[in-house]
Every structure is written in structure tokens, then in C-alpha cells.
Amino acid sequence: MHFRPVMENAEIAQALSEIAGLLELTGGNPFRARAYSRAAQIVDGLAEPIEAIWKRGELTDLPGIGERIAAHVGELIEKGTCAEREQLARKVPPGLPELLRIEGMGPKSVAAVWKSLGITQVDALEEACRSGTILEVPRMGRVRVKGLLEAIRRHRARRGRTPLYRALPAAETIIARLRKAPAVTAAEIAGSIRRRCETIGDIDLLVAATDPAPVTSAFTHMAEVAQIVAEGPTRSTVRLRSGLHADLRVVEPKSFGAALQYLTGSKAHSIALRKRGLRRGLKLSEYGVFDRRGRRKGGDTEEQMYRALGLPWIPPELREDRGEIEAAEHGGLPLLVEEKDVLGDLHVHSKASSDGHSTVEELADAARELGRRYLAITDHSRSRPLGLDAERLAQHVEHIRGLTSRDPVLLAGIEVDILPDGSLDLPVDALAPLQCVVASIHAHFNDPSPKMTERMVRAMRSGVVHVLGHPSGRQLGMRDPYAFDLARVLEIARETGVALEVNAQPERLDLSDQACRLAKAAGVPVVISSDAHHVSQLANLRYGVWVARRGWLEKGDVLNTLPLEALQARLRRKGPVIANGSARRPRRLGAASEATVS
DNA sequence: GCCGTTTTCGGCCCGACTGTTTTCAGTCG
């Protein structure tokens with residue numbers, strides 16, 4: 001049977017999460033709801049298709065998944081649904097779970113408006129707010145109603161979360177300003193931005209100051225603030241004119257490390273740390289680590305927090321409770337790839353084809369400024385508007401080769417389309433002389449999974465492809481990944497020596513972090529490429545590095561960390577791939593199985 | 001529903017802030 005591993009896990013996680021929501025709404029034991037919620041998070045975080053774990057009968061080895069939930073998962077895999085969910089869904093009107101996603105509406109409030117007013121839809125909730133009938137519900141007052149109307153408006157306006165590249169610059173601007181406020185000793189961006197998540201919910205900021213008042217005031221009086229949502233002595237929230245929410249927490253300097261750890265999250269990571277602390281008689285909070293008698297054992301720095309738990313400092317990108325704590329405990333944390341490790345860029349467009357806006361010379365100059373040692377010029381092939389045919393490609397290559405004495409070294413390449421039948425958009429003999437052939441899918445995204453997978457397999461087996469470009473085709477918030485069998489693609493990539501791209505265009509980030517982890521487990525190396533269409537986009541490479549880091553990748557997993565000669569030797573190679581010299585057996589990577597397999 | 005280097009039963013992370021209250025429930029992160 002055909003499956004799409006990453007989606008498959010996400011779908012199962014979604015179903016478990018739905019059950020959790022339904023349980024919250026129907027009352028009963030809230031810990032039961034939490035168990036489902038936690039299980040959903042675990043499944044979502046798996047770096048292996050859950051179907052494979054299920055087939056091995058190892059579901060209950062996963063943390064947070066016992067007999068009962070394992071049975072539900074099995075049922076979901078086999079039938080696509082499960083009785084538990086169906087049964088719960090019958091108790092609750094459709095539409096009710098959506099109300100939970102409105103800010104300020106928790107399970108108690110949703111159940112209250114449902115039971116006392118029969119409200120089950122967002123529209124009806126809005127109407128009840130406007131007419132005032134909602135005031136009959138206990139603990140509903142005029143202020144809340146006003147906030148609720150605003151939250152409903154935001155709920156409707158919000159299509160998914162904000163991509164990192166939109167939130168990061170805003171956060172950087174604000175934090176730079178707060179650093180200059182009076183009495184500030186330290187200031188950092190925290191939350192999902194610090195973890196470099198691909199999308200973020202809101203901006204979390206942390207400041208250490210001897211006097212919180214001036215900082216809070218500076219924050220709430222910024223020009224870009226549209227509304228002050230909450231304001232207290234240590235914590236305040238504003239809505240920016242861009243629509244983003246920004247949270248500021250101000251702590252004493254001695255608590256900065258504890259607060260930074262706490263505010264960076266993820267929530268799941270922090271909970272796991274606190275539980276670990278409890279087992280050792282330690283209480284963790286945003287103020288520090290405390291022993292049973294309440295004596296403070298540290299918290300000035302994040303390192304102290306982790307050390308108190310017997311752990312080394314864990315990079316923020318790994319803090320998702322996906323095995324990093326177990327890995328840290330056993331000295332098995334990856335030495336994550338860094339931006340400075342990446343020596344060159346293997347996917348860049350020039351004016352020679354359709355959509356590039358800079359000349360090859362301009363790109364080379366800008367790449368040199370960024371310290372790149374090599375740069376592959378990979379313009380589009382003929383199927384793209386104004387793309388290169390064999391003749392224009394030859395001229396283009398000649399032009400590039402005429403510039404090879406420049407720094408960085410220029411590689412003549414192409415981004416060739418993978419056509420609907422899996423053949424390439426240019427003859428193999430036109431592609432064979434090129435130093436970097438990136439093959440990508442740009443059309444017919446709706447092919448069924450088997451056909452799409454076969455297109456990629458055929459392209460990889462052409463013998464002339466070095467890199468599979470933006471493998472899933474997704475665009476954040478715009479286009480979902482197309483259906484394909486990632487496990488199969490990884491298998492063939494390994495067989496043919498083709499590297500998978502981590503496309504660093506910030507609205508692509510494709511491969512995703514989770515797919516990077518799967519690639520590593522399958523022994524397939526990646527290249528991190530900017531896919532720049534203008535000199536200003538060459539710097540986007542950092543977004544790709546962050547994805548790779550979130551995917552646990554090390555320098556040795558990324559081919560363009562190699563010096564040019566070694567890179568070219570690797571790109572020529574068509575045998576089975578072994579990551580950067582150190583032989584890596586494919587291995588199983590589960591959410592918390594790192595400790596047991598490494 | 002899950003879990004155990006205190007436990008197979010009895011717990012389940014912890015604190016800030018708001019609104020609606022007059023001592024606190026609910027939500028959020």
C-alpha cells in the first residue's frame with residue numbers, strides 16, 4: 001500500500017487531538033483529555049512513520065501511549081477512523097470544537113455557552129455577544145464580551161500562523177529597542193521564534209531589569225502597538241498593528257536564565273524538564289531551580305537550569321520533547337550544523353531565465369560578501385516561461401565558465417523541471433556536462449501519490465541529477481505539500497546518490513524539519529540552498545540552516561559544508577551515499593527513542 | 001488515559017493575569 005509518512009503521522013495526531021478537544025468539552029476527567037493531547041503531540045513529533053512502529057507492535061513503547069491509545073491508533077491506521085472519536089463526536093454538536101480555538105474560550109466557557117444558550121457555532125456566539133444574551137452565562141461580563149468579539153474577528157482573519165520570516169524581523173526590531181531601555185541588563189527573543197519554528201503564534205520577549213516599570217512602559221508605548229491586551233508588573237501583552245501579538249516578560253537579572261528557558265519552551269519540553277526535576281526533588285519555575293526546602297539552586301543562566309537537572313545545555317531548535325532530553329542525558333545530542341559551516345550555495349537564479357532579477361556577476365559579488373566559496377547558477381529549464389532550452393543553456397554555461405576565476409567559484413548548473421512522466425525537461429546529454437543539476441517539480445502538483453513518487457524516482461534514476469529540489473512542493477500557508485511517498489524517495493535517493501534539498505526560501509522551507517530527520521535516519525544527505533532570485537535573497541540560507549538544525553542535522557549531514565573539491569567528488573558519485581565520510585547505518589528515530597538506539 | 005529509582009493507586013508543571021467577583025475560576029503560555 002502507498003503511504004505518505006509525514007502526513008500520515010500528522011493526520012493521526014490530528015485525530016487524537018480532536019478526541020482530546022471532545023473530551024474537554026464533554027467534561028469528565030481532564031487528565032484523560034490531557035493524555036490524548038500529549039499522545040497527539042508525541043505522534044506529531046515522530047521522525048518515523050507511525051505505521052511502521054505499529055507494524056512492529058511497538059506503539060506502547062512510545063511515551064504517553066498506552067494500550068488504549070495504541071488501539072485507537074491501530075484502528076485509525078486500518079480504518080481511517082476510530083470508534084472512540086465517532087462516539088464522542090456524537091455527544092457534541094459539530095462546530096463546538098472550533099469554538100475552543102477562539103482566544104479566551106476554554107472548555108469551561110464553550111460548554112457553558114453551549115449548555116445555557118445552545119450556542120454551537122462561531123456565528124451564533126458572535127450574535128449572542130452583540131445582542132447581549134451571552135451576559136446570562138455565569139462569569140460573562142461586558143468586558144469579556146467586547147474581548148470576545150475581537151477574538152472572533154481575529155479567529156476569522158487568522159489563516160494559520162505567521163511564518164517565521166515575517167515575525168523574526170519585527171521581534172528583532174523590538175528587542176533591540178528594549179535593550180536600550182533604562183535598567184535593562186539583558187534582553188532576548190524567546191518562544192517559537194527562538195526555537196526557529198517555521199511558523200509562530202506570537203512574539204515572546206524576555207527582559208532582565210532591575211526596575212520593570214520603564215521597560216514595560218517603553219514596550220506598551222511603542223509606535224507599532226495597536227492595543228494593549230494585558231499589562232501587569234512583570235508581564236504585558238500588546239497587539240501590533242501588523243496583527244501579531246507580542247508578549248513581554250520582565251524578570252530580575254538573577255532569574256534571566258530560568259525565565260529564558262521557561263519562555264523559550266516548547267511547552268512540552270518544559271513540562272518534561274519539570275517532571276525530571278520533580279523526580280530529583282527539584283522544582284523548576286521561571287524564577288529558578290529550587291530544592292524541597294525552597295532553597296534556590298540556580299537560574300541565572302540556562303546552563304545552570306540544565307546542569308541542575310544533570311543535563312548539558314540543549315539548543316533551542318531541539319526543544320520539542322522529541323528525544324532531546326534523553327539524548328542530552330546520554331551525551332547523544334547532535335552537534336548541530338551552523339550557518340558558518342555552509343560554504344556554498346547550490347541553487348540560485350540569474351537574469352538568464354524567467355524570474356531571476358540579478359546578473360551572474362551581481363550574484364557572485366553578493367555571495368562573496370557573504371563568504372560563500374562556491375555558487376551554482378541554476379536557472380530554469382524550457383518548461384518555465386523564458387526558461388533555458390539546450391541552445392541557450394549552452395551559451396549561458398559558456399558565460400558562467402568564462403567567470404570561473406572569480407571568488408566564489410561559479411558552478412554551471414540548472415534547475416530542470418521534472419515533467420509529468422518523470423522525464424527531465426532537457427535531454428540528458430545537455431545536462432550531463434553541468435556541475436550541479438537540481439531537478440524539481442513545478443507543475444501537475446495534484447498527481448496521486450504513486451504517480452508523483454514515480455516521477456521523482458524516475459528523475460533521480462536519470463543519472464544526471466545531483467539534487468532533488470524543494471521535494472515536497474509546499475509553500476507555507478499557501479500550498480500544501482503534494483502527496484508522495486517520502487520513504488520511497490529517500491530509499492531511491494540513497495540508491496542513486498542524489499541529495500535532497502532543504503530549500504531555504506522562507507516561504508518554502510522544504511524539506512521540513514521532520515523530513516530532514518527522516519532523511520538523516522535513512523542515510524541521505526541534504527544540501528541547504530537559498531533558491532535566491534535576487535542578490536538580497538542569498539542571505540536566506542540561514543532559514544534553511546535553522547530547518548536543518550530543527551531536523552537534528554549535523555555538519556556531516558549537509559553536503560555543501562564540504563570544500564569544493566570534496567563536494568564535486570560527492571556530486572559525481574552515484575553509488576550508495578554515506579554521510580560525509582562517517583558511515584551511518586539507517587536507524588530508527590522515534591520521539592523519545594534516541595537514548596535507546598544511539 | 002498514562003505512569004512508577006517514593007507509588008500498580010493516586011497522582012498528573014507552574015505561575016501570571018483578567019474579569020467577575022468579594023475570594024477565585026478560567027485561560028494562557
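Each chain gets a letter, A, B and so on, in the order its sequence line appears, and its residues count up from 1. The analysis underlying the following values was restricted to heavy atoms, covering all of them including side chains, and did not include hydrogens, waters or symmetry mates.
Within the structure, side-chain hydrogen bond (donor to acceptor under 3.5 Å, both in side chains) contacts touching residues 228-239 of chain A (residues at least two apart or in different chains) are A/Q227-A/R239, A/T237-A/D247. The stretch residues 165-184 of chain A participates, sequence neighbours left out, in no ring-ring contact (aromatic ring centres under 6.0 Å, His included) pair at all.
Residue A/L23 is classed as having no contact, given no heavy-atom separation below 4.0 Å to the nucleic acid. Within 4.0 Å (heavy atoms only), A/R144 reaches sugar-phosphate atoms of the nucleic acid but no base atom. Note on A/R38: nothing from the nucleic acid sits closer than 4.0 angstrom, heavy atoms only. A/D202 comes within contact range of the sugar-phosphate backbone alone, with a heavy-atom separation under 4.0 Å but no base atom that close.
As rounded to the nearest Å, B/dC2 and B/dC13 have C1' atoms that lie 16 Å from one another. Distance noted for atom P between B/dT7 and B/dC17: 38 Å (whole Å). Comparing the P positions of B/dT23 and B/dC28 gives an interatomic distance of 26 Å, to the nearest angstrom. For the C1' atoms, the distance from B/dC9 to B/dC14 is 24 Å, rounded to whole Å. On the P atoms, B/dT27 is 13 Å away from B/dT20, given to the nearest whole Å. Taking atom C1' on both nucleotides, B/dG11 is separated from B/dT6 by 12 Å, rounded to a whole Å.
For A/V143, counting side-chain heavy atoms from C-beta on, the closest listed nucleotide (B/dC12, B/dC2, B/dT20) is B/dT20. Here B/dG29 is the nucleotide among B/dG19, B/dT27, B/dG29 with the atom lying nearest to any side-chain atom of A/Y262. Ranking B/dG29, B/dT20, B/dG15 by closeness to the A/E286 side chain, first place goes to B/dG15.
The distance from atom CE of A/M105 to atom P of B/dT18 is 20 Å, rounded to the nearest whole Å. Atom CZ in A/R32 sits about 20 Å away from atom P in B/dG11, given to the nearest Å. What separates CG of A/L206 from P of B/dG29 is a distance of 17 Å, to the nearest Å. The distance between atom CD of A/Q261 and atom P of B/dC13, rounded to the nearest whole Å, is 15 Å. Rounded to whole angstrom, the span from the CE atom of A/M305 across to the P atom of B/dC13 amounts to 16 Å. Atom C1' of nucleotide B/dT18 and atom NZ of A/K146 are separated by 14 Å, given to the nearest angstrom. Atom C1' of nucleotide B/dA16 and atom CG of A/L205 are separated by 17 Å, given to the nearest angstrom. Between A/L263 atom CG and B/dC13 atom P there is a gap of 19 Å when expressed in whole angstrom units.
Nearest heavy-atom pair, A/E339 versus A/V545, reported as atom, atom and distance to 0.1 Å: N-CG1, 3.7 Å. In this structure, A/S270 and A/Q261 approach most closely via the heavy-atom pair OG-NE2, 3.5 Å. Considering every non-hydrogen atom in both A/S37 and A/A20, the closest pair reads N-CB, 3.7 Å. Shown here for A/P253 and A/A208, the closest heavy-atom pair between the two residues is CA-CB, 3.8 Å.
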List every contact pair, protein side and nucleotides 21-25 of chain B side both N or O, where the distance is under 3.5 Å.
none

Taking only nitrogen or oxygen atoms into account, show me every contact under 3.5 Å that the protein makes with nucleotides 7-10 of chain B, one pair per line with its distance.
none

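At a threshold of 4.0 Å, the pair A/E86-A/R90 does not count as salt-bridged, since none of the basic side-chain nitrogens sits closer than that to a carboxylate oxygen.
With hydrogens and angles disregarded, a donor-acceptor distance shorter than 3.5 Å links the side chain of A/R154 to the backbone of A/G243. With hydrogens and angles disregarded, no donor-acceptor distance shorter than 3.5 Å links the side chain of A/S472 to the backbone of A/L511. Under the 3.5 Å distance criterion, the side-chain polar atoms of A/Q304 are matched with a main-chain donor or acceptor of A/G299.
Among residues two or more places apart in sequence or in another chain, the salt bridge (Lys or Arg N to Asp or Glu O under 4.0 Å) test is passed with A/D211 by none. In this structure A/P30 satisfies the side chain to side chain contact (heavy atoms under 4.5 Å, CB included) test with no other residue, sequence neighbours excluded. For A/F219, there are no ring-ring contact (aromatic ring centres under 6.0 Å, His included) partners at least two apart in sequence or on another chain.
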Please report, to 0.1 Å, the donor-acceptor pairs under 3.5 Å made by any side chain of residues 105-116 of chain A, with sequence neighbours excluded.
| from | atom 1 | to | atom 2 | distance (Å) |
| --- | --- | --- | --- | --- |
| A/S109 | OG | A/R144 | NH2 | 3.2 |
| A/S116 | OG | A/A112 | O | 2.6 |

Can you give the donor-acceptor pairs under 3.5 Å from side chains of residues 189-207 of chain A to other protein atoms, not counting sequence neighbours?
| from | atom 1 | to | atom 2 | distance (Å) |
| --- | --- | --- | --- | --- |
| A/R194 | NH1 | A/T264 | OG1 | 2.8 |
| A/R194 | NH1 | A/E302 | OE2 | 2.9 |
| A/R194 | NH2 | A/E302 | OE1 | 3.0 |
| A/R195 | NE | A/E320 | OE2 | 2.9 |
| A/R195 | NH1 | A/T264 | O | 2.7 |
| A/R196 | NH1 | A/I193 | O | 3.3 |
| A/E198 | OE1 | A/R474 | NH1 | 3.4 |
| A/E198 | OE1 | A/R474 | NH2 | 2.8 |
| A/E198 | OE2 | A/R474 | NH1 | 3.0 |
| A/T199 | OG1 | A/R161 | NE | 3.1 |

Validation: residues 71-78 of chain A side-chain donor-acceptor distances under 3.5 Å, sequence neighbours left out:
| from | atom 1 | to | atom 2 | distance (Å) |
| --- | --- | --- | --- | --- |
| A/H72 | NE2 | A/Y36 | OH | 2.9 |
| A/E75 | OE2 | A/A83 | N | 2.9 |

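For the segment residues 265-282 of chain A, residues with any heavy atom less than 4.0 angstrom from an atom of DNA chain B are, sorted by number, A/K267, A/I271, A/R274, A/K275, A/L278, A/R279. Residues from residues 226-241 of chain A placing a heavy atom under 4.0 Å of any atom in DNA chain B, listed by number, are A/A230, A/E231, A/G232, A/P233, A/T234, A/R235.
Nucleotide B/dT22 carries an anti base; the chi torsion (O4'-C1'-N9-C4 or O4'-C1'-N1-C2) is more than 90° from 0.
Nucleotide B/dG4 is matched to B/dC9 when pairs are restricted to Watson-Crick or G-U wobble geometry with both distances under 3.5 angstrom.
A residue-by-residue look at A/G66 and A/V110 shows that A/G66 has its nearest nucleotide of DNA chain B further toward the 5' end.
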